[in-house]
Amino acid sequence: MATKKHSWNYENIGGSTRVKITTGADIAHLAELDLKKWTVLSCPTTGLDIDEKSLKYIDTENDGRIRVSEVISTSQWLTSVIKDAELLVKGADSIDVEQFNQENADGQRLYNSAKQILVNLGKEGTVISLADTKDTTAIFAKTRFNGDGVITEQTAEDADEKAVVAAIVSTLGGVADRSGVNGANAELIEKFYQALSDYSAWHSATVDAPYGADTDKAIEAYNALDIKVKDYFVRAKLAGFAPESAMKLDVQTALIEAISADNLTGKTDEIAAYPIARITGKAELAVDAAINPAWAAKFSTLMNIVKPKEKVLTEESWAAIGASFAAYNAWKAAKKGAEVEALGIDTINKMIADNKKQALLDLVAQDVALKDSAEGIDLVNKFMYIFRDFYRLLCNFVTFQDFYSRNKNVKAVFQSGRLLIDQRECRMCMLVADMAKHNTMAAASGMYLVYCDCTTKASPTKLNIVAAVTVGDIGDLVVGKNAIYFDNNGQMWDAVITKIIDNPISIGQAFWSPYRRMATTIENLINKTAADKDAAMMKDANAKINAAPTAAPADDKSKAPTPPFDIAKFAGIFAAIGMAVGMIGTALAGILDSFKGFTWWQYIGIFIGIMMFISGPAMVMAWMKLRRRNIAPLLNANGWAINASSKISIPFGETLTDIAKFPKLKLKDPYAKKGIPAWQKWIISLLTVALVVAGLWLGNKLSFIAPSPLPCFNKEQVEAPAHSAETPATEVVLPTDSTKVEA
């Protein structure tokens, strides 16, 4: 009989159809879900708003990434060890131990170990929480055996056994027990008793010290002086062989003069390099001779201990002193078990005689026998972490339910906090794991992105974040602007913008962007022109100052006379200006004439058309980009393998950024500039507009709306009568005489 396939629920979020995980049955059947329907194929175990310990438990391959296969295997394990899979969707941090499926091997272990934890903690009831399993020290603090193969003083019940465990910890360091106390394992017990045996055997073969309690001190001084004394004898013999070289072999006066002006307390190394005594040419060293100050103390210590019969030292007598230490040195070199020497030979011999070694090893064996039970306690801890966080991971892995949630308090695991900047709270903030990858992929997201470096005194670590601005205008968002960032734990960080990816924020912002760019261009052009003119003026002024004579002559006849005013030249200039003004006026008149016959509402339509002609392309491009905004490139840059588009629509984008909203109040600014009242400004503005319209009307510039009333602009013409033979000739009477002239 064919197995009935699981029926999945779907939803359309983020521009894609996605599987909706809402029940324990969905989790139990994840293995049946087609891989092509998963939103995410893999994600990192760090930088997410989920306990990293939970993610490491799920990451069974221990490679720092969670893959689909690991999510499926975790879902199968979880649903097999509990009776009711619906508990998983609650994301609780506690569970009743009776909910463990005792028909499953791991479920039985979890049940037994969870009950043991409650007993160890002295808790009543059957509910165990993550807080209970986290503190393993508290769990094992009162237990004699905990399965880790380490015994402590508490494990041992015999007083002598306790003393041996304490001695092992004090001499060999011990190893940490699960209870948090240092103890001993089988390896340390074996090592300790071997050290006891070795030291006791060595001590029993003691060689008498040739100089009693001062022998070690004498050996130390002899070993330090040996090379210098032997060097002295070689120099002495060489000086005896070649007397003329004695001065060269002795202390060089030039060397002493070279350091004589310095503080000689800091020249010990230089002085120590000189011969131990003055070279006389005799191959002997007087015991009471003047000794190099750097070696005098050790030489005196040695001579006071060994007290040679002769008053001079030769090579043979010096070697004899060394030979007197030979047997003692050989015995000391053969020392074993030095680790336990601090216990004292009496304690060592007593511990050997009592021989608690096997008893302690038996205790270790009893502890190891409970290994499975103790590991079951660790298994409970693992279960509690995954039990709490697994469903949240699914809501950000199989689908992006948390990211697209209508509840603003629900955040995706990749949302790291919120950035407060420019009277906005940007809630779409993400940690930047690899800035190089973000530089490559961020622009493809289509979002207006602000990158920030964040620092705080509470942590030496610097955070790199990226925040998406999805509401409002660009405003004062520039590189270098300071802001405040709050992480998901509520820790406040000082943030500073280091980079901006410029993309449209909204269609309204895109409408004004051409005018903003135009204003910026004009402003830059004006600034550049003013700067160029200022530079040219300063250059010309400096040139004139540098070229000016030091003293002006009383009468310089060679100076060129000032040319007379050329009225013809300036008349031409005025004519050119007039022509230009006329052409401009003609052009404007032509434009106005083209609007003849339009009604008032048509003028409004023309104005709107001009505005749309300027802003329309920018708005269309913005609309297209806003529809393509996608979070996937940013996640890919952080190491996610995104399997489905995750778009940010315009309505959804408005939920990712909150902008400051103030109540409508009539407030008076005490520092506002005092001037005429607003009503007077309106009257002046209306009168100005009326005067301009009246001027245009009287000047017949609005003839297409209403002709000018002035007679000079009356276009009615009376046709003159045609001349004929019957028409009497018109007479023109000249004012100077009475003669009639026939026209």
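Take Arg18 and apply the salt bridge (charged side-chain N to carboxylate O under 4.0 Å, His left out) test, not counting sequence neighbours, and it matches no residue. The ring-ring contact (aromatic ring centres under 6.0 Å, His included) test applied to Tyr391 returns no partner, not counting sequence neighbours. Legend: residues meeting side chain to side chain donor-acceptor pair (under 3.5 Å) with Tyr448, ordered by chain and number and at least two apart, are absent. Residues forming a side chain to side chain contact (heavy atoms under 4.5 Å, CB included) with Asp658 (at least two apart in sequence, or on another chain): Lys408, Glu425, Arg427. Applying the ring-ring contact (aromatic ring centres under 6.0 Å, His included) rule to Phe652 yields the partners Phe403, Tyr404; only residues at least two apart in sequence or on another chain are considered. When the side chain to side chain donor-acceptor pair (under 3.5 Å) test is applied to Asp402, the partners found at least two apart in sequence or on another chain are Asn396. For Asp34, the side chain to side chain contact (heavy atoms under 4.5 Å, CB included) criterion is met by Lys36, Lys37, not counting sequence neighbours. Legend: residues meeting side chain to side chain donor-acceptor pair (under 3.5 Å) with Thr17, ordered by chain and number and at least two apart, are absent. For Lys462, the salt bridge (charged side-chain N to carboxylate O under 4.0 Å, His left out) partners at least two apart in sequence or on another chain are Asp453. Listed by chain and residue number, Ile50, Asp51, Ser54 satisfy the side chain to side chain contact (heavy atoms under 4.5 Å, CB included) test with Asp389 (two or more places apart in sequence, or in another chain). In terms of the side chain to side chain donor-acceptor pair (under 3.5 Å) criterion, residue partners of Thr23 (sequence neighbours excluded) are, by chain and number, Asp26.
Residues Leu55 and Leu48 have side chains in contact (heavy-atom distance under 4.5 Å, counting atoms from C-beta outward). Looking only at side-chain heavy atoms (C-beta outward), Glu654 and Leu656 stay at 4.5 Å or farther from each other. For the pair Ile484 and Phe486, the minimum side-chain heavy-atom distance is below 4.5 Å. Side-chain contact between Val469 and Val450: present, with at least one pair of heavy atoms (C-beta onward) separated by less than 4.5 Å.
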task: Before giving the answer on side-chain contact (heavy atoms from CB on, under 4.5 Å), spell out for Asn9 and Thr22 the whole-Å C-alpha distance, their side-chain angles and the decisive distance to 0.1 Å.
output: CA-CA 8 Å; Asn9 294 318; Thr22 56; 4.1 Å; yes

- request: Test Val413 against Phe397 for side-chain contact (heavy atoms from CB on, under 4.5 Å), laying out the working first.
  value: CA-CA 10 Å; Val413 295; Phe397 201 99; over 6 Å; no

task: Go through the steps for Thr45 and Ile66 under the test side-chain contact (heavy atoms from CB on, under 4.5 Å), then give the verdict.
output: CA-CA 7 Å; Thr45 58; Ile66 294 177; 3.7 Å; yes

- prompt: Given the rule in the side-chain contact (heavy atoms from CB on, under 4.5 Å) test, do Leu35 and Val68 qualify, once you have shown the distances and angles that lead to the verdict?
  reply: CA-CA 8 Å; Leu35 284 179; Val68 173; 3.2 Å; yes

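In this structure a side-chain-to-backbone donor-acceptor pair under 3.5 Å is missing from Thr456 to Trp493. Between the side chain of Arg424 and the main chain of Val471, a donor-acceptor pair closer than 3.5 Å is present. Remark: side-chain polar atoms of Thr39 are paired, donor with acceptor, to backbone N or O of Val398 under 3.5 angstrom.
Contact between Thr470 and Gly653 at its shortest, heavy atoms only, is OG1-O, 2.5 Å. Annotation for Ala495 and Cys454: closest pair CB-SG, 3.8 Å, computed over non-hydrogen atoms. Taking every heavy atom of both residues into account, Thr399 and Val19 meet most closely at CB-O, 3.3 Å. Between Val466 and Val432, the shortest heavy-atom contact is N-CG2, 3.7 Å. Considering every non-hydrogen atom in both Ile21 and Gln401, the closest pair reads N-OE1, 2.9 Å. Counting all heavy atoms, side chain and backbone alike, Trp38 lies closest to Leu33 at NE1-O, 3.4 Å.
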Would you be so kind as to tabulate the donor-acceptor pairs closer than 3.5 Å made by side chains of residues 433-441, with sequence neighbours excluded?
unit_1 : atom_1 : unit_2 : atom_2 : d
Asp434 : OD1    : Ala436 : N      : 3.1
Asp434 : OD1    : Lys437 : N      : 3.4
His438 : ND1    : Tyr451 : OH     : 3.1
His438 : NE2    : Asn638 : OD1    : 3.1
Asn439 : OD1    : Lys499 : NZ     : 2.3
Asn439 : ND2    : Met435 : O      : 3.3
Thr440 : OG1    : Ala436 : O      : 3.2

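Atom CZ of residue Arg629 and atom OG of residue Ser649 lie 7.5 Å apart, to the nearest 0.5 angstrom. Between Ile659 atom CD1 and Asp422 atom CG the span is 8.0 Å, to the nearest 0.5 Å. Distance check: Asn488 CG to Gln415 CD gives 8.0 Å after rounding to the nearest 0.5 Å. Separation of atoms SG (Cys452) and CG (Asn482) is listed at 9.5 Å; rounding is to 0.5 Å. For the atom pair Cys426 SG and Arg418 CZ, the distance stands at 11.5 Å (nearest 0.5 Å). Here Ser16 contributes atom OG and Lys647 contributes atom NZ; the two are 7.0 Å apart, rounded to the nearest 0.5 Å.
Of the N and O atoms on the side chains of Arg65 and Ser42, at least one donor lies less than 3.5 Å from an acceptor on the other residue. Side-chain contact check for Asn630 and Ser645: at least one donor-acceptor pair (N or O, by modelled atom type) lies under 3.5 Å.
The neighbour count for Gln491 CD, taken as heavy atoms of other residues, nucleotides or ligands under 6.0 Å away, is above 12.
When Ile501, Asp502, Asn503 are each tested for a side chain to side chain contact (heavy atoms under 4.5 Å, CB included) with Leu449, only one passes: Ile501.
With respect to the salt-bridge test (charged N to carboxylate O, under 4.0 angstrom), the residues Arg392 and Asp49 qualify.
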